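Notes follow once the structure below has been shown.
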Amino acid sequence: MKKLACFLLALAMANTFAFAQQSDYAKEHYTKKDVYITMRDGVKLFTSIYTPKDASAQKMYPIIMQRTCYSVAPYGADKYPARLGPSELMMKEGYIVVYQDVRGRWKSEGTWTNMTPVIDNKKSKKDVDEGSDTYDTVDWLVKNASYNNGRVGQWGISYPGFYTAAGILANHPALKASSPQAPISDFWFDDFHHNGALLESYFFTYPVFGVQKKDTTSKAWYADQNIKTNTRDGYQFLLDMGPLTNADKYYKDNFYWQETVNHPNYDEFWQKRDLLRHYKKVMPAVMLVGGWYDAEDLRGPLAIFKTINQKDPSAYNTIVMGPFGHGRWSRETGHTLHSNVYFGDSIATFYQKSIEAKFFNHFLKGKGDKNTGLPKAYMYNTGKKEWETFSQWPVATATHQKLFLSADGTLPMSQPASAASTSFISDPLKPVPYTEDNTTTMGFTPHNYMSEDQRFAGRRPDVLVFQTDVLQNDVTLGGEIMAHLKVATTGTDADWIVKLIDVYPPDEPNHPYLPNKNIILSNYQQMVRSEIMPGRFRNSFEKPEAFVPNQKANVDVKLQDVLHTFKKGHRIMVQVQSTAFPLFARNPQKFVPNPYKATEADYIKATHTVYNDSYVDVEVLK
């Protein structure tokens with residue numbers, strides 16, 4: 001699919017060079033040098049080094065580095081990107097900027113694997129991972145890059161964010177500052193899966209991640225495997241494709257798709273790619289960055305931040321969460337929106353100048369101690385639409401509140417006096433759409449649904465709706481969310497999706513920047529957070545279990561953190577459903593050992609029941 005190939009390359013460039021406007025500044029102020037850096041096992045990695053032209057023995061610069069699987073393009077000694085480094089500001093402040101193709105990608109040698117497993121105890125030079133490749137690269141750079149001051153920082157967004165997060169494990173003494181941004185931490189929970197549920201919305205991306213190249217190249221070698229379609233409607237295309245067994249028509253030779261199909265549970269294959277279990281003593285200063293509406297890697301920054309806090313409390317470890325989609329803090333749009341929600345102006349610029357540049361300047365050019373002037377947690381309140389700072393996250397003084405899913409559709413804060421339940425029929429052949437915007441269903445990954453209006457879903461009979469009365473005061477939820485569902489099904493398997501929603505008042509006016517003029521914000525149901533939990537994994541991700549038909553069972557659904565004020569006059573809503581297609585692959589609703597190998601006959605209707613002792617546990621900030 002030629003359009004998709006172009007889109008993927010554009011996205012890679014956007015991630016790498018942060019959506020910059022065209023400019024000759026880099027070429028006018030930097031000298032470019034392309035080199036191959038040899039790793040300890042002999043594999044050579046292609047690396048582009050951009051050095052300020054005024055660098056000298058009297059004016060030395062720190063190194064800021066990005067390692068990427070998305071290409072360090074443009075290739076060629078006389079070819080320059082429009083922008084260098086994390087931001088235009090940092091480019092103009094002056095850094096030696098380094099980009100590297102990771103092993104097995106583009107012009108680098110070696111074999112590619114997704115989320116390279118970490119080897120904690122390396123016994124020979126053949127024991128390599130992203131930590132060792134980072135170490136070897138940093139070591140070469142400080143010894144060979146002209147006029148560097150001996151300090152190195154690393155940053156990256158999305159997959160480059162993973163390489164940054166894995167690079168922390170290098171613990172090279174010259175690596176002083178690391179900023180994993182929208183990093184993947186575990187493919188079972190980030191990106192391609194949520195709690196083991198496959199994101200079928202990623203279906204068109206597998207060529208990028210599942211085709212080995214034959215030699216070093218500057219061309220997109222995977223493009224031939226891109227799916228060619230005659231439609232722009234991803235919902236219908238994927239529904240018509242049928243069971244996932246039919247995907248072999250497209251991906252029989254795609255190694256990552258085949259790995260996914262053959263590892264339906266959280267087995268050793270996935271566990272080896274869990275970055276979190278490897279953090280111990282952390283040497284570089286760390287600043288995790290994420291977006292509250294990141295449809296790809298929301299969990300990553302939160303999980304890594306909390307893990308480092310736990311494993312090494314003495315580490316300099318901070319987090320920033322803004323009102324952004326995936327990586328959008330790296331590009332200033334003027335008016336900051338996500339989907340139809342307007343948050344203010346120049347928010348990305350504030351982040352780049354007052355947070356990101358301040359962090360790197362302090363550790364790479366300044367004193368380098370822990371007194372940066374930045375808080376432990378710089379978090380954007382998506383309801384108040386303003387930044388807030390915290391000395392820790394989650395907040396210790398938060399109080400837990402239970403919101404019960406009452407059978408009458410209310411959302412009381414105490415358990416209903418008498419037992420009751422409410423049910424819906426789930427038909428995997430007529431799944432609930434995850435979005436009304438069909439233009440987003442065939443791209444690289446979905447983006448806008450994370451804050452979209454949910455009225456289209458709540459008005460379907462296969463979506464349960466629970467809401468509070470109109471709020472008499474502001475209510476701020478800040479921290480973790482856990483839905484404790486008590487459920488039953490007439491089938492033997494089911495997915496459970498929980499959505500937390502901010503319902504606007506009837507008199508809510510439209511703002512002047514609405515991208516879709518057919519939208520009205522009157523009674524708008526803004527999604528604040530959502531998550532899926534496959535019922536088969538309710539007790540163990542390693543050992544799936546069937547439901548006993550019509551027998552009550554517990555299913556816990558962990559939603560990612562929020563900082564959101566539900567304002568006076570609004571309502572808090574919770575929706576519960578079983579499908580959100582094609583965001584998530586359809587559950588057959590008949591338990592099978594491997595859902596990827598389910599047949600047409602395995603897809604059955606089922607009646608799902610939610611009991612009124614179900615509740616959502618939230619953290620409330622006063």
Side-chain angles (χ1 to χ4, degrees), residues 235 292-295 298 323 325 337-343 381-385 403-406 408-412 422 424 431-441 446-472 474-477 481 483 496-511 513-532 557 559-560 562-581 583-584 610 614 616 618:
Y235 180 102
W292 287 127
Y293 301 109
D294 188 338
L298 174 59
L337 293 98
H338 187 270
S339 186
N340 297 299
V341 183
Y342 170 61
F343 293 103
N381 186 318
T382 53
K384 284 186 176 180
K385 301 182 179 179
L403 304 175
F404 284 87
L405 309 186
S406 178
D408 63 1
T410 61
L411 197 61
T422 183
F424 64 96
V432 180
Y434 78 90
T435 179
E436 280 190 302
D437 185 0
N438 287 322
T439 65
T440 66
T441 58
H447 286 285
N448 290 334
Y449 85 94
M450 294 280 284
S451 66
E452 278 185 353
D453 186 5
Q454 297 302 301
R455 281 176 283 195
F456 77 94
R459 290 168 179 168
R460 285 181 57 120
D462 47 0
V463 177
L464 300 182
V465 178
F466 310 88
Q467 65 177 342
T468 65
D469 291 334
V470 174
L471 298 177
Q472 300 304 306
D474 288 359
V475 176
T476 298
L477 303 188
I481 304 172
W496 302 92
I497 298 168
V498 177
K499 300 188 294 192
L500 178 69
I501 295 164
D502 184 343
V503 182
Y504 293 13
D507 60 353
E508 182 77 18
N510 281 6
H511 61 75
Y513 311 117
L514 271 175
N516 186 343
K517 300 307 178 183
N518 295 324
I519 290 291
I520 56 170
L521 297 182
S522 170
N523 293 321
Y524 192 85
Q525 295 179 6
Q526 179 195 336
M527 187 144 76
V528 176
R529 188 64 71 241
S530 65
E531 193 53 278
I532 186 172
V557 185
L559 287 74
Q560 300 303 324
V562 297
L563 178 59
H564 186 89
T565 295
F566 294 79
K567 292 186 175 181
K568 177 182 177 181
H570 290 224
R571 297 174 187 258
I572 301 173
M573 176 183 286
V574 171
Q575 291 183 3
V576 178
Q577 59 200 69
S578 194
T579 53
F581 188 77
L583 180 63
F584 299 111
V610 176
S614 301
V616 180
V618 297

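On a predicted model such as this, the values are computed, not experimentally measured, just so you know.
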field: ring-ring contact (aromatic ring centres under 6.0 Å, His included) involving F466 - partner list, sequence neighbours excluded
entry: none
- request: Could you tell me the separation between the OG atom of S339 and the OH atom of Y524, rounded to the nearest 0.5 Å?
  value: 4.5 Å
- request: Considering non-hydrogen atoms only, spot the tightest contact between A295 and P446 and give its length.
  value: CB-O, 3.1 Å
- request: Check for a donor-acceptor pair, side chain of E531 on one end and backbone N or O of R529 on the other, with a separation under 3.5 Å.
  value: no
field: Centroid-centroid distance, H570 to Y504, less than 6.0 Å
entry: yes
Within 6.0 Å of CG in D469, more than 12 heavy atoms from elsewhere: no
query: Looking only at heavy atoms, what is the nearest atom pair of D502 and T565, with distance?
result: OD2-O, 4.2 Å
query: So, does T435 use its side chain to make a donor-acceptor pair with the main chain of D437 at under 3.5 Å?
result: yes
- request: Check whether any side-chain N or O of N510 sits under 3.5 Å from a backbone N or O of L521 as a donor-acceptor pair, and report yes or no.
  value: yes
task: Could you check if a side-chain atom of F404 sits within less than 4.5 angstrom of a side-chain atom of S614, using non-hydrogen atoms only?
output: no
- prompt: Short question: side chain of S522, backbone of P506 - any donor-acceptor pair under 3.5 Å?
  reply: yes
query: Side chains of V557 and I532: does their closest heavy-atom pair fall under 4.5 Å?
result: no
query: Can you list the steps and then say if T382 with L563 is a side chain to side chain contact (heavy atoms under 4.5 Å, CB included)?
result: CA-CA 6 Å; T382 53; L563 178 59; 5.9 Å; no
task: Any chance you could lay out the ring pair (Phe, Tyr, Trp, His ring centres under 6.0 Å) test for H564 and F566, step after step, and finish with the verdict?
output: CA-CA 6 Å; H564 186 89; F566 294 79; 4.8 Å; yes
- prompt: Short question: side chain of T468, backbone of R571 - any donor-acceptor pair under 3.5 Å?
  reply: no
- request: Any chance you could lay out the side chain to side chain contact (heavy atoms under 4.5 Å, CB included) test for Q575 and I501, step after step, and finish with the verdict?
  value: CA-CA 8 Å; Q575 291 183 3; I501 295 164; 3.4 Å; yes
- prompt: Would you say K385's side chain and Y342's backbone share a donor-acceptor pair under 3.5 angstrom?
  reply: yes
- line: On a heavy-atom basis, the closest approach of H511 and N340 is NE2-O, 2.7 Å
message: Just verifying a value: how many Å separate S530 OG and L298 CG, rounded to the nearest 0.5 Å?
response: 9.5 Å
query: Please, which pairs that meet salt bridge (Lys or Arg N to Asp or Glu O under 4.0 Å) have at least one residue in residues 447-460, sequence neighbours excluded?
result: D453-R455, R460-D462
field: Value rounded to 0.5 Å, distance of OG1 in T441 from CG in N438
entry: 5.0 Å
field: Nearest-0.5 Å distance, CG of residue L500 to CG of residue L411
entry: 9.0 Å
message: Ignoring hydrogens, what is the shortest heavy-atom contact between V432 and A457? Give both atom names and the distance.
response: CG1-CB, 4.4 Å
- prompt: Short question: side chain of H338, backbone of H447 - any donor-acceptor pair under 3.5 Å?
  reply: yes
task: Kindly determine whether Q467 and T410 satisfy side chain to side chain contact (heavy atoms under 4.5 Å, CB included), including the steps that lead there.
output: CA-CA 5 Å; Q467 65 177 342; T410 61; over 6 Å; no
message: Working to the nearest 0.5 angstrom, can you tell me the gap between Y434 OH and I497 CD1?
response: 12.5 Å
task: Determine whether the side chains of K499 and Q454 contain a donor N or O and an acceptor N or O closer than 3.5 Å.
output: yes
statement: Between K384 and N381, the two heavy atoms sitting closest are N-OD1, 2.8 Å
- line: Note: P515 and L337 closest approach over all heavy atoms is CD-CD2, 4.0 Å
Pair F343 and Y293, ring centroids less than 6.0 Å apart: yes
field: Evaluation steps, side chain to side chain contact (heavy atoms under 4.5 Å, CB included), between V463 and V576
entry: CA-CA 6 Å; V463 177; V576 178; over 6 Å; no
query: Between Y235 and F581, is the ring centre distance below 6.0 Å?
result: yes
